[in-house]
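Have a look at the structure below, then the notes.
Numbering of ligands and ligand atoms starts at 1, following listing order. Hydrogens, waters and symmetry mates play no part in the numbers below; they use all other heavy atoms, side chains included.
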Amino acid sequence: MTTIDTDPDTGLDPLEFAVTRNLAAKSNADRDAILASPGFGQSFTDHMVDICWSVRGGWHRPRVSPYGPISLDPAAAVLHYGQEIFEGIKAYRHADGSVHTFRPDQNGRRLQRSARRLALPELPVPYFLQSLRELIAVDGAWVPSGEDQSLYLRPFMFAKEAFLGVRPAHKVAYYLIASPAGAYFKGGVKPVSIWLSEDYSRAGKGGTGAAKTGGNYAASLLPQSEAYENECDQVVFLDQDRNVEELGGMNVVFVYKDGSIVTPQSDSILEGITRDSLLQLARDRGHHVEGRNVPLTEWREGVASGDIVEVFACGTAAVVTPIGTLKGRDFIDEQPSGTLALELREELTNIQYGRAEDKHGWLYRLDA
Ligand SMILES: Cc1ncc(COP(=O)(O)O)c(C=O)c1O
């Protein structure tokens, strides 16, 4: 059990996790074989964390158990009404062997905002942080040490009460699983092609777009298939006023020729932690940064006139991806290529992997 002090901000005592070791844990050789080429989201570590919540008992029964199937009543509300939220965050191994994650307080707070919107209970941030540490305490050897490799951590929460009435569930489960992740781009970062979704939207005004909830991703799958049919890698969504929102799983950022940086901001967009960090690094370099509506016409005309000099997407999984092409039903706009996206990517990953000074105090050690 990791010893953690009472949280100074919330006064919460740490949870006492019951730890059951996985007797069928992978051998070192099997684990090393997986870590040599982990891909993304395919293999999982030996353990998982879960914490129960009920209206009566609050957060209780924190456990670390062998990774395995979850038993659910067929009437569990999540299976019918999709009351579910999740997070995505990575653990990085530094050259001295230590394991760190990046701005986990931000993920913990975003999980709380998602919970509020989905009428789920808010997991206190100190419990969220403790869950990450507990899993690393047993599965730390799963954090790979290869270039651009990481352990992807997937916290999630869902309504498990067996009840078919439509109301917020009275019983909920929080889980944390982890999956080793390889370099997203083998052989260097490549610009992606983006399909403009005209027929489908991801989120609506007052909807769940700003929450990290499964339904948003379910809604993005058909337009993503349309993107593939049109030989594009990703899809970009517009809002009802034809402002640019985001990709299915990444935020979008525009760089202007005067050095200013603009990113779509509205209550239907997920507030990316990668974006926030990159924009801070850009501010540190003296760039003016603005979050506001970006009409599609501004994007297309800006590229045509040369006002926009670079467009990139960002998120935890791929970090930063330059956008090479925007394709719509009746146009293909080649996007200008610049150097800022890749410079910021390098700067951010250098901090995450402990190769550069962490001036903003973004790193959080998980294995001590
Ligand atoms: C829809 C969506 N937008 C943006 C992001 C970027 O968020 P973050 O940088 O916190 O990973 C994600 C997740 O990666 C996402 O799923």
Side-chain angles (χ1 to χ4, degrees), residues 40-41 84-92 101-114 117-118 125 128 132 148 150-157 178-179 181 184-185 192 194-195 197 200-204 207-224 227 233-239 243-254 261 263-282 289 291 294 311-323 341 344-345 347-349 351-352 360 362-364:
F40 184 80
E84 183 268 356
I85 55 174
F86 66 98
E87 268 304 321
I89 180 168
K90 286 173 169 175
Y92 309 91
T101 190
F102 185 75
R103 305 188 75 186
D105 53 315
Q106 296 296 316
N107 294 84
R109 285 202 204 112
R110 190 168 66 186
L111 189 72
Q112 292 185 321
R113 292 199 297 276
S114 299
R117 181 62 184 85
L118 272 288
V125 172
F128 175 80
L132 306 180
D148 280 342
S150 59
L151 183 66
Y152 183 79
L153 302 164
R154 169 53 62 87
F156 60 106
M157 191 191 294
S179 173
Y184 198 86
F185 296 100
V192 289
I194 303 291
W195 172 248
S197 179
Y200 306 108
S201 51
R202 175 184 175 275
T208 57
K212 211 161 164 64
T213 180
N216 293 342
Y217 297 80
S220 75
L221 298 178
L222 184 60
Q224 180 63 48
D233 302 308
Q234 300 274 332
V235 58
V236 65
F237 293 99
L238 300 178
D239 70 11
N243 294 309
V244 180
E245 283 190 324
E246 59 184 324
L247 309 190
M250 283 193 257
N251 293 121
V252 183
V253 177
F254 301 92
I261 297 180
T263 187
Q265 194 166 38
S266 84
D267 60 8
S268 58
I269 295 173
L270 190 83
E271 287 180 46
I273 295 156
T274 313
R275 175 176 71 166
D276 186 69
S277 311
L278 292 166
L279 295 182
Q280 183 58 52
L281 295 178
V289 172
V294 181
V311 188
F312 64 89
C314 52
T316 297
V319 193
V320 171
T321 313
I323 294 180
L344 292 176
R345 180 183 212 279
E347 204 175 326
L348 184 68
T349 53
I351 296 169
Q352 290 170 331
H360 293 282
W362 284 337
L363 292 181
Y364 180 85

Distances only, to 0.1 Å: what are the N or O pairs between ligand 1 and the protein that fall under 3.5 Å?
residue, atom, partner, partner atom, Å
ligand 1, 3 (N), E246, OE1, 2.6
ligand 1, 9 (O), I273, N, 3.2
ligand 1, 9 (O), T274, N, 2.9
ligand 1, 9 (O), T274, OG1, 2.6
ligand 1, 10 (O), R110, NH1, 2.8
ligand 1, 10 (O), R110, NH2, 3.1
ligand 1, 10 (O), I273, N, 2.8
ligand 1, 11 (O), T316, N, 2.9
ligand 1, 11 (O), T316, OG1, 2.5
ligand 1, 14 (O), G249, O, 3.4
ligand 1, 16 (O), K212, NZ, 3.1
ligand 1, 16 (O), Y217, OH, 2.4

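Under 3.5 Å, the side chains of S266 and E245 contain no donor-acceptor pair of N or O atoms. No side-chain donor from either of R117 and T213 sits under 3.5 Å from a side-chain acceptor of the other. At a cut-off of 3.5 Å, with distance as the only test, a side-chain donor of R275 or T263 sits close to an acceptor on the other residue.
The side chain to side chain contact (heavy atoms under 4.5 Å, CB included) check on Q112 picks up R109, R116, E122, V125, with sequence neighbours excluded. Residues meeting the side-chain hydrogen bond (donor to acceptor under 3.5 Å, both in side chains) test with S114, sequence neighbours left out: none. By the ring pair (Phe, Tyr, Trp, His ring centres under 6.0 Å) test, F40 pairs with Y152, sequence neighbours left out.
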